Novice: 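This structure is in structure tokens; I'll ask about it shortly.
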Amino acid sequence: MRCTSKIALLLCLLVGTTGLTGCSYFSYSAKYSVSSSTEDVRNTYYYPTFASDLCVAGGDITGDEDVISSDVSAGLFDLNNKETLYAKNVNLQVHPASLTKVMTALVALKYGKLDQVLVADSNVYVNESGAQKVNLKEGDRLTLDQALRILLIYSANDVANLIATNIGGSIEGFADMMNKEALAIGATNSHFTNPHGLTDEDHYVTAYDMYLIFNAAMQYETFSEIINMTEYSTNYLDSSGNSKEVSVSSTNAYLSGSQSAPMGVTVIGGKTGTTSAAGHCLILLARDTNGSPYIAVIMRDTDSGTLYSDMSSLLSEITK
């Protein structure tokens, strides 16, 4: 399905105005970082993916032979040609799990500064069983730059709360900012109640809205850089001023090397997400042999193996 202009898109979505802005880049001074390094960083590709013309997906586009599992929500978007190549259940409201953190990063980059010092309060503790975290304590201090890297590479839920309370004043206040930003970019079928994506009945997105959110986040060079990283190590300060080290690795199997992209496709980076309610989710930026960019998203898949099998099948559509 061909894309239309922003005006036509917003009319289709029943939204009158938007609050879109151009690229915003921040300088970073590691004032509170004793040391900060990245390991095994892949070649980074930056694309002008955020544009006034966006892909539209009003219904399923799967072709004669569907390539992925029947119950998933999924989409594949050609950013250069503004074309939706594949769509299945793209407007179905589903739990996003940690794909939520793409919106968290978008709001933080728009309203925060990378050298801003974030101080953990009592909201930093995440007690849900199995929730991924780096065990931050009340009084710990990280810059927003450090926090965003841990958030997107390792998907730490306590870091999501740290960002939310410092940028939004509270978890609830930050969720309000997320919802306003969603409306501003046309993601009108989504609603956020937290910055991490742990299950809440009123916290949901659609696969199409995730494309819009990811596309908007790509306007920030920092986001483009982070989603391409495989590892990150840094030092931050605890409440007593002592240095604490944290090292994290990517949860993206394409970046870690445990999964391979189809021939002719390079995975640049993205975000994973998994909860029992959401299933297994993944959104990616990929390129073809000509360097043309694509966004691919799959949500509510049954297990990790099926997710990556389905994603590879979806990415194969790029070369057809």
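Please read all numbers here as calculations on a predicted model, not as lab measurements.
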Novice: Can you list everything that forms a salt bridge (Lys or Arg N to Asp or Glu O under 4.0 Å) with Lys101? Sequence neighbours excluded, please.
Specialist: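 So Lys101 forms no salt bridge (Lys or Arg N to Asp or Glu O under 4.0 Å) with any residue.
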Novice: Among residues at least two apart in sequence or on other chains, which ones pass side chain to side chain contact (heavy atoms under 4.5 Å, CB included) with Ser69?
Specialist: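 By the side chain to side chain contact (heavy atoms under 4.5 Å, CB included) rule, Ser69 matches Val72, Asp301, Thr306, Asp310.
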Novice: Passes side-chain contact (heavy atoms from CB on, under 4.5 Å), Phe223 versus Leu106? Steps please.
Specialist: CA-CA 8 Å; Phe223 182 85; Leu106 171 59; over 6 Å; no
Novice: Under a single-linkage rule joining Ile, Leu, Val, Met, Phe, Trp and Tyr whose side-chain heavy atoms are separated by less than 4.5 Å, which residues share a cluster with Leu198?
Specialist: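 Same cluster as Leu198: Val126.
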Novice: Report the distance from atom OH of Tyr294 to atom CG of Asp78, rounding to the nearest 0.5 Å.
Specialist: 4.5 Å
Novice: Sub-3.5 Å donor-acceptor pair from the side chain of Lys137 to the main-chain atoms of Asn135, do we have one?
Specialist: yes
Novice: Distance check, rounded to the nearest 0.5 Å: Leu54 atom CG versus Leu79 atom CG?
Specialist: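 Between atom CG of Leu54 and atom CG of Leu79 there are 9.5 Å.
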Novice: Test side-chain contact (heavy atoms from CB on, under 4.5 Å) on Thr319 and Met263; report intermediate values, then the result.
Specialist: CA-CA 8 Å; Thr319 60; Met263 186 76 68; over 6 Å; no
Novice: Can you name the closest pair of heavy atoms from Asn166 and Gln116 and give their distance?
Specialist: O-NE2, 4.0 Å
Novice: Once side chain to side chain contact (heavy atoms under 4.5 Å, CB included) is applied, do any residues pair with Glu245, and if so which ones, sequence neighbours excluded?
Specialist: Asn235, Ser247
Novice: Please name all residues satisfying side chain to side chain contact (heavy atoms under 4.5 Å, CB included) with Ser73, sequence neighbours left out, ordered by chain then number.
Specialist: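 Per chain and number, Ser73 pairs via side chain to side chain contact (heavy atoms under 4.5 Å, CB included) with Asn89, Leu92, Val94, Ala207, Met299, Arg300.
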Novice: Within the 4.5 Å heavy-atom criterion, are Pro293 and Leu285 side-chain neighbours or not?
Specialist: yes
Novice: Considering residues at least two apart in sequence or located in another chain, which fulfil the side chain to side chain donor-acceptor pair (under 3.5 Å) criterion with Thr275?
Specialist: none
Novice: Rounded to the nearest 0.5 Å, what separates atom CD1 in Ile185 from atom CD1 in Ile213?
Specialist: 5.0 Å
Novice: For Asn80, enumerate each residue passing the side chain to side chain donor-acceptor pair (under 3.5 Å) test, keeping only those at least two apart in sequence or located in another chain.
Specialist: Ser292
Novice: How long is the gap from NZ on Lys271 to OG on Ser155, to the nearest 0.5 Å?
Specialist: 3.0 Å
Novice: According to a 4.5 Å side-chain heavy-atom criterion applied to Ile, Leu, Val, Met, Phe, Trp and Tyr, with indirect links allowed, do Met177 and Leu162 form part of one hydrophobic cluster?
Specialist: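 Yes, one cluster joins them.
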Novice: Begin from the C-alpha positions of Thr84 and Leu76 and carry the test side-chain contact (heavy atoms from CB on, under 4.5 Å) through to its verdict.
Specialist: CA-CA 6 Å; Thr84 301; Leu76 177 63; over 6 Å; no
Novice: Residues two or more places apart in sequence or in another chain: which of them pass side chain to side chain donor-acceptor pair (under 3.5 Å) with His196?
Specialist: Asn194
Novice: Tell me if a side-chain donor or acceptor on Glu317 pairs with a main-chain N or O of Leu314 at a distance below 3.5 Å.
Specialist: no
Novice: With sequence neighbours excluded, what pairs up with Ala156 under the side chain to side chain contact (heavy atoms under 4.5 Å, CB included) test?
Specialist: Val134, Ile150, Tyr154, Asp158, Val159
Novice: Could you tell me whether a side-chain N or O of Asn157 sits under 3.5 Å from a main-chain N or O of Gln132, the two making a donor and an acceptor?
Specialist: yes
Novice: Just to verify, what does Tyr308 make a ring-ring contact (aromatic ring centres under 6.0 Å, His included) with, not counting sequence neighbours?
Specialist: Tyr254
Novice: Check Pro195 against Ile171 and note the closest heavy-atom contact, atom names and distance.
Specialist: CD-CG2, 4.0 Å
Novice: Looking only at heavy atoms, which two atoms of Ile68 and Ser313 are closest? And how far apart?
Specialist: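 Answer, listing the atom of Ile68 first, then Ser313: CG2-CB, 4.1 Å.
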Novice: Can you check whether Val124 reaches Lys133 side chain to side chain, under 4.5 Å on heavy atoms?
Specialist: no
Novice: Judged by atom type as modelled, is there a donor-acceptor pair below 3.5 Å linking the side chain of Ser250 to the main-chain atoms of Asn252?
Specialist: yes
Novice: Go through the side-chain N and O atoms of Thr251 and Thr272 and say whether any donor and acceptor fall under 3.5 Å apart.
Specialist: yes
Novice: Tell me the closest heavy-atom pair linking Asp238 and Arg141, and the distance in Å.
Specialist: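 Minimum heavy-atom contact is O-NH2, 3.0 Å.
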Novice: Are Arg149 and Asp145 close enough for a salt bridge, meaning some N to O gap below 4.0 Å?
Specialist: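 Looking at Asp145 together with Arg149, the answer is yes, because their closest N to O distance falls below 4.0 Å.
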Novice: For the backbone of Asn161 and the side chain of Thr165, can you confirm whether one donor and one acceptor N or O come within less than 3.5 Å of each other?
Specialist: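 Yes, the answer is positive, given that a donor and an acceptor are paired below the 3.5 Å cut-off.
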Novice: Kindly work out whether a path of hydrophobic side-chain contacts (I/L/V/M/F/W/Y, heavy atoms less than 4.5 Å apart) joins Leu284 to Leu85.
Specialist: yes
Novice: How far does CG of Asp121 sit from CG of Leu136, to the nearest 0.5 angstrom?
Specialist: 11.0 Å
Novice: Using 30° and 60° as the class limits, which term best fits the ring planes of Phe77 and Tyr211: parallel, tilted or perpendicular?
Specialist: parallel
Novice: Should Thr302 and His280 count as side-chain neighbours, where that means a heavy-atom distance under 4.5 Å?
Specialist: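 Contact flag for Thr302/His280 side chains = no.
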Novice: Main chain of Ile268, side chain of Asn228: is a donor-acceptor contact present, judged purely on distance under 3.5 Å?
Specialist: yes
Novice: Run the side chain to side chain donor-acceptor pair (under 3.5 Å) test against Asp140 and tell me which residues pass, sequence neighbours left out.
Specialist: none
Novice: To check you understand the geometry: which heavy-atom pair defines the closest contact between Pro262 and Ser312, and what is its length?
Specialist: CG-O, 3.1 Å
Novice: Does any N or O in the side chain of Asn189 come within less than 3.5 Å of the main-chain N or O of Asn91, such that one atom is a donor and the other an acceptor?
Specialist: no
Novice: Applying side-chain contact (heavy atoms from CB on, under 4.5 Å) to Ser239 and Glu138, what does each step give before you reach the verdict?
Specialist: CA-CA 7 Å; Ser239 59; Glu138 193 169 352; over 6 Å; no
Novice: State yes or no: do Tyr204 and Leu99 share one hydrophobic cluster built from I, L, V, M, F, W and Y residues joined by side-chain heavy-atom distances below 4.5 Å, directly or via other members?
Specialist: no
Novice: Nearest 0.5 Å, please: how far is CD1 in Ile226 from CG in Leu109?
Specialist: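 Separation between the atoms: 7.0 Å.
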Novice: Can you name the closest pair of heavy atoms from Gln146 and Thr143 and give their distance?
Specialist: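 The pair with the smallest heavy-atom distance is OE1-N, 2.9 Å.
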Novice: Go through the structure and list residues passing ring-ring contact (aromatic ring centres under 6.0 Å, His included) with Phe192, not counting sequence neighbours.
Specialist: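 Phe192 satisfies ring-ring contact (aromatic ring centres under 6.0 Å, His included) with His203 only.
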Novice: Quick one: which of Thr62, Asp66, Asp71 gives a side chain to side chain donor-acceptor pair (under 3.5 Å) with Lys88?
Specialist: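 Single pass found, and it is Asp66.
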